[in-house]
Protein chains: 2
Amino acid sequence: MDAGAIRRSLEGRGLRCTPQRYAVIAFLLKQNKHPTAAEIFEAVNRVDPRCSRATTYNNLRDLVQAGLVREVAVEGRAARFDATGMRHHHFICDRCGNVEDMEWYEVPQPASNSLGKRIVRECELIFRGLCSKCAPRHASG
Amino acid sequence: MDAGAIRRSLEGRGLRCTPQRYAVIAFLLKQNKHPTAAEIFEAVNRVDPRCSRATTYNNLRDLVQAGLVREVAVEGRAARFDATGMRHHHFICDRCGNVEDMEWYEVPQPASNSLGKRIVRECELIFRGLCSKCAPRHASG
DNA sequence: TGTCACATTAGATATAATCTAAAAACGTAT
DNA sequence: ATACGTTTTTAGATTATATCTAATGTGACA
Ligand SMILES: [Mn+2]
Ligand SMILES: [Mn+2]
Ligand SMILES: [Zn+2]
Ligand SMILES: [Zn+2]
């Protein structure tokens, strides 16, 4: 995704393309990890210290609301973020809290009579267990 | 679930049945909501103030580890808890953050070649959108 | 009864996220 | 270019959530 495409995706969602906002989403787009807000703040500012902590949080909130970024809450740890690219599911490690992408596949919808008046926007599948780093440690130690 | 059954389920998992621990899980078992740790602390102590905040958190941690209680992380809000009864999925409201139970149904497992060395313990389905309280407000206001 | 691992406690501390109020940057009309 | 209203950014304070510490209590059992 080049600079023009990023700018257009922001403006298409009614968000100004400010240097700070651009830096946040551009950073997320080139990650395959799922950084925390603190990690994003630090990384963005290492190169060019123009994005305060409050702005990092503000922009993450705006980007999530606009549907350009996804927030993943992890029990007892800071939330993690990824730029919504190809659809995928998530795997969260019980031990280290890392979030990993899992290949996407269709999930059957709930019976419509179990929905009541609720309006479903999305449905996400989360796998839990031990990641490939932690699984060996578990077996041996 | 009567007192004896609760006691046995604790001891069966290697947890002593202390008054505080018992109070936490007994409270959760009679809830159909998903209270936060703070709410559990307050409710348990309203009747009999014998369970400190640290103990509430300690016991919730132990109960989750023992698989008797489930923790649900909600973006930007306090974690919520429920006593693992019948299997079910969850619905989380975008607007008010409330967590509601959804009828259980089987979810297809991921292709085993996409798992790598990961060990999957469980797989949960989370629906997001507007709950039955918030959906009307959305339509009108 | 003595012992020891487990459990609880109050309060301090750590971590994560949001709020505040003032300044800056921007878009647009003149 | 200038003025004006709106959006955005900022540093630092503040809040919310959760964990840690070190002292004390409790109960199983030898
Ligand atoms: Mn992802
Ligand atoms: Mn539930
Ligand atoms: Zn791991
Ligand atoms: Zn709601």
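Look at Ser52(A) and you won't find any side-chain N or O under 4.0 angstrom from OP1 or OP2 of dT9(D). Checking the phosphate oxygens (OP1, OP2) of dT8(D), no side-chain nitrogen or oxygen of Thr55(A) falls inside 4.0 Å. Contact annotation: Tyr57(A) side-chain N/O to dA17(C) OP1/OP2 distance is under 4.0 Å.
We find that CD of Glu42(B) is positioned 16 Å from C1' of dT17(D), with the value rounded to whole Å. For the pair Leu60(B) CG and dA7(C) P, the computed distance is 15 Å after rounding to whole Å. The CZ atom of Arg77(A) sits 13 Å away from the P atom of dT15(C) (whole-angstrom rounding). Whole-Å rounding puts the Glu71(B) CD to dT17(D) P distance at 13 Å. In this structure, CG of Asp62(B) is placed 8 Å from P of dT8(C), rounded to the nearest angstrom. As a whole-Å value, the separation of Glu75(B) CD from dA16(D) P is 19 Å. Taking atom CG on Asn58(A) and atom P on dT20(C), their separation rounds to 13 Å, with Å as the unit. Atom CZ in Arg61(A) sits about 8 Å away from atom P in dC19(C), given to the nearest Å.
Pairing each heavy atom of Met102(A) with each of Phe127(A), the nearest pair is CE-CD1, 3.8 Å.
Nearest-nucleotide positions on DNA chain C place Arg50(B) closer to the 5' end than the other of Gly76(B) and Arg50(B).
Ala79(B) comes within contact range of the sugar-phosphate backbone alone, with a heavy-atom separation under 4.0 Å but no base atom that close. Using a 4.0 Å heavy-atom distance criterion, Ala78(B) is classed as a sugar-phosphate-only contact.
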Original post:
Does the pair Glu100(B) and Lys33(B) meet the rule for a salt bridge (charged side-chain N to carboxylate O under 4.0 Å, His left out), with working shown?
Top reply: CA-CA 7 Å; Glu100(B) 299 175 351; Lys33(B) 302 281 189 65; over 6 Å; no

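A donor atom on one side chain and an acceptor atom on the other are found under 3.5 Å apart for His90(A) and Asp82(A). Side-chain contact of His89(A) with Asp101(A): a donor-acceptor pair under 3.5 Å is absent, judged by distance alone.
Proximity of residues 6-32 of chain A to DNA chain D (heavy atom under 4.0 angstrom from any strand atom) is restricted to Arg16(A), Thr18(A), Gln20(A), Arg21(A).
A donor-acceptor contact under 3.5 Å is not formed by the side chain of Arg53(B) with the base of dT17(D).
For the pair Arg128(B) and Phe91(B), the cation does not sit on the ring face, since its NZ or CZ is not both under 6.0 Å from the ring centre and inside 45° of the axis.
Ranking dT9(D), dT10(D), dA16(C) by closeness to the Cys51(A) side chain, first place goes to dT10(D).
Between Ile92(B) atom CD1 and Arg77(B) atom CZ the span is 10.5 Å, to the nearest 0.5 Å.
Between the side chain of Asn98(B) and the backbone N or O of Cys93(B) there is no donor-acceptor pair closer than 3.5 Å.
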